[in-house]
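For reference, the structure discussed in these notes is given below.
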Amino acid sequence: KCVCGCCGCLFLAFIIILSISFGTISPTEYGMRKNTITGQVDLGRTYDSGRYFLGPFAEFRKFPACYVTLSFGNDTYSSRNKDGRDDRPIIPARTGADSSNEGSSSGGQPVDLSVSFQYQLVRDEIPQMYTLFGGDLETRNKYEDQYLVYAQQAITNVAQTFTPRSFWVDRHGIELAMLDRVNRSIYEQGFAVVRGEPCAPLLQRDDVLLRDRFAVVHAVRFHRPHVG
């Protein structure tokens, strides 16, 4: 009886250990293996969705595989702000000067930009992103905060290359130029690609304000992902 009891206890222990030795990644996630004793993350492999045997002393650090929305001041839904508030206030920027005859007396004008975009982590470069920022699915603000900094700087830089008149007659061109610059900046520094919100109009009323001499202009929204 004692032998049978010991065998039963060992079998039960084996079942328990086996049950906690598997990790699952959902279809909207990536994962990297973490040793729960040392805290070390294995940077040599990024896991796709599925169920994996990890051993009893390991777990996954997970990362979003889908597109995640970030926004500046246009009160759109954001994946980490479930109440719909923006991640950052409206971007204060400035246009370039108008050197045309009609606008010879017009210098650069202040402009308020309300922008939303989506990023997606590059699967094979998640180890580099993690090494640089340290964030995962639960603490992605560690890298998202930097993405917002990169995006704002890129947007203000591009705004200065367009005249005030361009914000009336070439809004789509401005949008694409900003998308390209933001995507390059976030891809090169943060290992993610950027696109505009797929179900949103490219330009939306009342979200970009050219202050002082100018009236309300449409919002700039990003549209296509591009990596150059």
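Every residue was checked against the side chain to side chain donor-acceptor pair (under 3.5 Å) condition with T156, not counting sequence neighbours, and none meets it. Shown here are the salt bridge (charged side-chain N to carboxylate O under 4.0 Å, His left out) partners of D48, two or more places apart in sequence or in another chain: R123. In terms of the side chain to side chain donor-acceptor pair (under 3.5 Å) criterion, Q160 has no residue partners (sequence neighbours excluded). Every salt bridge (charged side-chain N to carboxylate O under 4.0 Å, His left out) that R61 has, sequence neighbours left out, goes to D136. The side chain to side chain donor-acceptor pair (under 3.5 Å) search around T131 returns none, not counting sequence neighbours.
For the atom pair N157 CG and M178 CE, the distance stands at 10.0 Å (nearest 0.5 Å). We find the CE-CG distance between M129 and D124 to be 13.0 Å, quoted to the nearest 0.5 Å. Here the CZ-CG distance, from F162 to D170, works out to 6.0 Å after rounding to the nearest 0.5 Å. Between R165 atom CZ and T95 atom OG1 the span is 13.5 Å, to the nearest 0.5 Å. To the nearest 0.5 Å, atom CZ of residue F57 and atom CG of residue N35 are 9.0 Å apart.
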Any chance you could lay out the side chain to side chain contact (heavy atoms under 4.5 Å, CB included) test for F167 and L113, step after step, and finish with the verdict? CA-CA 11 Å; F167 279 84; L113 300 172; 4.1 Å; yes
Can you list the steps and then say if V115 with S71 is a side chain to side chain contact (heavy atoms under 4.5 Å, CB included)? CA-CA 6 Å; V115 178; S71 60; over 6 Å; no
With salt bridge (Lys or Arg N to Asp or Glu O under 4.0 Å) as the test, would you mind laying out the steps for R88 and D145 before giving the verdict? CA-CA 9 Å; R88 290 289 185 275; D145 288 345; 3.3 Å; yes
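Counting heavy atoms from C-beta outward, Y30 and I25 have side chains that stay 4.5 Å or more apart. Side-chain contact between L54 and F22 is absent, with no heavy atoms from C-beta onward closer than 4.5 Å. Side chains of F117 and T69 form no contact here, defined as non-hydrogen atoms less than 4.5 Å apart. V194 has its side chain out of reach of Q118: every pair of non-hydrogen atoms, C-beta onward, lies at least 4.5 Å apart. Side-chain contact check for P92 versus D112: some heavy-atom pair is nearer than 4.5 Å. Using a 4.5 Å heavy-atom threshold, the side chains of Y187 and V122 count as touching. Looking at heavy atoms from C-beta onward, S185 lies out of side-chain contact with Q153 at the 4.5 angstrom threshold. Side-chain contact between V182 and D180 is absent, with no heavy-atom pair separated by less than 4.5 Å.
A cation-pi arrangement is absent between R140 and F63 under the rule of less than 6.0 angstrom and at most 45 degrees off the ring axis.
Here the shortest heavy-atom pairing between A65 and Q120 reads O-NE2, 2.6 Å. Residue A151 comes nearest to I186 through the heavy atom pair CB-CD1, 4.5 Å, listed as atom of the first residue, atom of the second, then distance. Considering all non-hydrogen atoms of both residues, S26 and S49 come closest at O-CB, 3.2 Å. For the residue pair Y147 and A192, the shortest heavy atom distance occurs at OH-CB, 3.7 Å. The two residues P164 and G96 come nearest to each other via the heavy atoms CD-O, 3.2 Å. When every heavy atom of R94 is checked against every heavy atom of G108, the shortest pair comes out as NH2-O, 2.7 Å.
Side-chain atoms of R171 come within 3.5 Å of backbone atoms of W168 as a donor-acceptor pair (strictly under, hydrogens ignored). A donor-acceptor pair under 3.5 Å is absent between the side-chain atoms of D86 and the main chain of P89, judged by distance alone. Side-chain atoms of K62 do not come within 3.5 Å of backbone N or O of E138 as any donor-acceptor pair.
Under a hydrophobic-cluster definition in which Ile, Leu, Val, Met, Phe, Trp and Tyr are linked whenever side-chain heavy atoms come within less than 4.5 Å, directly or via other members, L121 and L148 are assigned to the same cluster. When the side chains of ILVMFWY residues are joined at heavy-atom separations under 4.5 Å, either directly or via intervening members, L137 and Y143 end up in two distinct hydrophobic clusters. The cluster map of Ile, Leu, Val, Met, Phe, Trp and Tyr, joined by side-chain heavy atoms under 4.5 Å apart, puts F60 and F133 in different clusters. Following chains of ILVMFWY side-chain contacts shorter than 4.5 Å, one can reach V41 starting from F191, so the two form part of one hydrophobic cluster.
Sorted by first then second residue, the side-chain hydrogen bond (donor to acceptor under 3.5 Å, both in side chains) pairs that include residues 36-47, not counting sequence neighbours, number zero.
Judged by distance alone, the side chains of E144 and Y119 do bring a donor and an acceptor atom under 3.5 Å apart.
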